[in-house]
Amino acid sequence: MPAAARTAAFDILLKTETGGFASDLLRAAPLDSRDAGLASQIVFGVLRFRAQLDFLIEHYSGRRSRLDLAVRTALRMALFQLRYLERVPPHAAVADSVELVKRAHKTSAAGFVNAVLRKVDRAPVAWPSREVELSCPEWLLLRWERQYGAEAAAGIARAALQEPETYQRVTPAGARIQDIGSQSIVPLLRLEPGQRLLDLCAAPGNKTAQALEAGVRAIACDIHLHRLRQMKNLGADLVVLDGAGPLPFTTSFDRILVDAPCSGTGTLGRNPEIKWRLRPDGFADLCRRQAALLAQARAALAPGGLLVYSTCSLEPEENEEVIAALPPDVVIETMHRIPGRQPGDGFFAAVIKSGLSP
């Protein structure tokens, strides 16, 4: 039988092909700490370096083959271990990938997998294109190049190949793990004790917890009940609702945070599966929802209040173009955090004031 870590990694990688997120699937996997560490290395390594690994499959097999997904996944896993990891016994990586192919009922491909992997070495390889070298779809690179310039675009892609740093925010109740980019959003609200805060897309709750430290009275909302349940001990009132529709509140709010659902292109180091799922025409639905969330939030903002609209996206359709629909005099400031340029995840934020005087 293949090792538990490799079996789990194989199953998780297949599930990411049908919409699962690697981080959630790894947390749910019944593995001890040692196996969990190896499984995580393999899963995120394969997802980050997928284009390089697919080129290496062609390089060592000597031909461009149309492979079953299970076979390609087993090859990607072994190649990552053989070329990118230091302390994995090569025989174990090869043997387990062959067994994983058999386990997936692709026994006829086992010999091919074994033959390809026996050729793998660590000799340098000339990558055929920047898309392969940076392991990022060319259309995404072109988008970032137009928006931020060629150097920044390459920096974003290279940052997505690195394991993200772990940042902790020190609080009176103890340290809380929260990306440094995420930590930069709540201060833009300029919170003061006693203010009424609406966090319209609150789960998983890191920004809500950060805001509560300022002594505000918070209502935290999300469309998913199971995600809000994770926030039950924070001290905010929790409301399940779709923030893109009319809000049920009879009072207005001094401060509102709209940390909108987005493509997540600022988080590719943490969620590398995103870069393989996105399509050039895939932003329209997100943009409509983001605009609706912002419109509902602005209607609930008290005179003299402040609203922060934020995303962890690098795409102008989800950021500048959403804000461009507002009266220009209500946008006080905007902020960009670009991976490779600033530490942590990428974020956009706009500080928006009420159109009414207090």
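Nothing here was measured: the structure is a model prediction, and the numbers come from that model. Count residues from 1 along the sequence. No hydrogens, no waters, no symmetry mates; every other heavy atom, side chains included, goes into these values.
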Looking only at heavy atoms, the pair that brings A152 and R341 closest together is CB-NH2, 3.3 Å
Going only through I, L, V, M, F, W and Y residues with side-chain contacts under 4.5 Å, is there a path from L82 to L85?
-> yes
With a sphere of 6.0 Å drawn around CZ of R64, does it hold more than 12 non-hydrogen atoms of other residues, nucleotides or ligands?
no
CG of L38 to OG of S33, rounded to nearest 0.5 Å, is 12.0 Å
Between S252 and L301 the two heavy atoms that sit nearest each other are CB-C, 4.2 Å
Exam field: side chain Q195 to backbone E192, donor-acceptor pair closer than 3.5 Å
yes
The salt bridge (Lys or Arg N to Asp or Glu O under 4.0 Å) partners of E138 (sequence neighbours excluded) come to R130
Here the gap from F348 atom CZ to C262 atom SG, rounded to the nearest 0.5 Å, amounts to 11.5 Å
Q) Within the distance-only criterion (no hydrogens, no angle test), does the side chain of R63 pair as donor or acceptor with the backbone N or O of E58 below 3.5 angstrom? A) no
Partner of L200 under side chain to side chain contact (heavy atoms under 4.5 Å, CB included), picked from L241, V239, L257, I223, is L241
Problem - Main-chain N/O of Q52 paired to W127 side chain as donor or acceptor, under 3.5 Å - result: no
Q: Taking the six-membered ring of F21 (Phe, Tyr or Trp), confirm whether the NZ or CZ of R277 is under 6.0 Å from its centre and within 45° of its axis.
A: yes
Are the side chain of N114 and the backbone of A110 linked by a donor-acceptor contact shorter than 3.5 Å? no
Item to check | Carboxylate-amine/guanidinium contact K15 E273, below 4.0 Å | outcome: no
Going through the distances and angles, do I57 and L53 end up as a side chain to side chain contact (heavy atoms under 4.5 Å, CB included)?
CA-CA 6 Å; I57 292 172; L53 296 169; 5.6 Å; no
Please test E333 against L188 for side chain to side chain contact (heavy atoms under 4.5 Å, CB included), starting from the C-alpha separation and ending with a verdict.
CA-CA 9 Å; E333 65 174 300; L188 298 174; 4.2 Å; yes
Contacts of E99 meeting salt bridge (Lys or Arg N to Asp or Glu O under 4.0 Å) (sequence neighbours excluded), chain-then-number -> K102
Check for me, please, whether L293 and V330 land in the same ILVMFWY cluster - side-chain distances under 4.5 Å, paths through other members count. yes
Here the gap from L140 atom CG to S263 atom OG, rounded to the nearest 0.5 Å, amounts to 8.5 Å
Heavy-atom nearest pair, P343 first then R337, reads O-NH2, 2.9 Å
Note to self: Which label fits H336 and Y148: parallel for a plane angle under 30°, tilted from 30 to 60°, or perpendicular past 60°?
What the structure shows: perpendicular
Note to self: Using a 6.0 Å cut-off, check whether atom CG of L225 has over 12 heavy atoms from anything other than its own residue.
What the structure shows: yes
Could you check whether any side-chain heavy atom of P90 comes within less than 4.5 Å of a side-chain heavy atom of V120, counting everything from C-beta outward?
no
Given side chain to side chain contact (heavy atoms under 4.5 Å, CB included), test I323 with I352 step by step and report yes or no. CA-CA 9 Å; I323 300 305; I352 300 162; 4.0 Å; yes
| field | Close side-chain approach of E213 to R176, heavy-atom, < 4.5 Å | value | no
message = When you measure from the side chain of R48 to the backbone of L268, do you find a donor-acceptor pair of N or O atoms at a distance under 3.5 Å?
response = no
Show your working on salt bridge (Lys or Arg N to Asp or Glu O under 4.0 Å) between D222 and R229 and close with a plain yes or no.
CA-CA 10 Å; D222 202 86; R229 283 184 174 137; over 6 Å; no
Could you go through the salt bridge (Lys or Arg N to Asp or Glu O under 4.0 Å) check for K207 and D199 one step at a time?
CA-CA 9 Å; K207 296 182 185 70; D199 190 347; over 6 Å; no
Assess the side chains of R169 and Q183: does a donor N or O sit below 3.5 Å from an acceptor N or O? no
request  = Answer yes if V331 and L306 sit in the same cluster of Ile, Leu, Val, Met, Phe, Trp and Tyr residues linked by side chain heavy atoms under 4.5 Å apart, and no otherwise.
outcome  = no
Between T265 (side chain only) and S313 (backbone N and O only), is there a donor and an acceptor less than 3.5 Å apart?
no
Minimal heavy-atom distance between A244 and R289, with the atoms involved, is CB-NH1, 3.4 Å
(request) Determine whether more than 12 heavy atoms belonging to other residues, nucleotides or ligands lie under 6.0 Å from atom CD of E321. (result) yes
Residues D259 and F347: closest non-hydrogen pair is OD1-CE2, 4.4 Å
Nearest heavy-atom approach of D254 to R196 is OD2-N, 2.8 Å
Electrostatic pair D96-R103, nearest N-O below 4.0 angstrom
no
For this session: Quick one: do F80 and V88 satisfy side chain to side chain contact (heavy atoms under 4.5 Å, CB included)? Show the steps, please.
Result: CA-CA 10 Å; F80 177 73; V88 173; over 6 Å; no
Taken in chain and number order and not counting sequence neighbours, the residues that satisfy salt bridge (Lys or Arg N to Asp or Glu O under 4.0 Å) with D54 are R72, R76
Here the gap from E133 atom CD to L161 atom CG, rounded to the nearest 0.5 Å, amounts to 9.5 Å
(Q) I'd like to know if the side chain of Q81 reaches the main chain of M77, judged simply by a donor and an acceptor atom lying under 3.5 Å from each other, with no hydrogens or angles considered. (A) yes
Test your reading of the model: is there a side-chain donor-acceptor pair from T334 to the backbone of A350, 3.5 Å cut-off?
no
CD1 of I12 to OG1 of T73, rounded to nearest 0.5 Å, is 12.5 Å
According to the interplanar angle, ranging from 0 to 90°, do the rings of H59 and F55 count as parallel (below 30°), tilted (30 to 60°) or perpendicular (above 60°)? parallel
| task | Would you check if the side chain of Q290 reaches a backbone N or O of P261 as a donor-acceptor pair within less than 3.5 Å? | result | yes
Test your reading of the model: is there a side-chain donor-acceptor pair from T311 to the backbone of A260, 3.5 Å cut-off?
no
dist L191:CG -> Q210:CD (nearest 0.5 Å) comes out at 9.0 Å
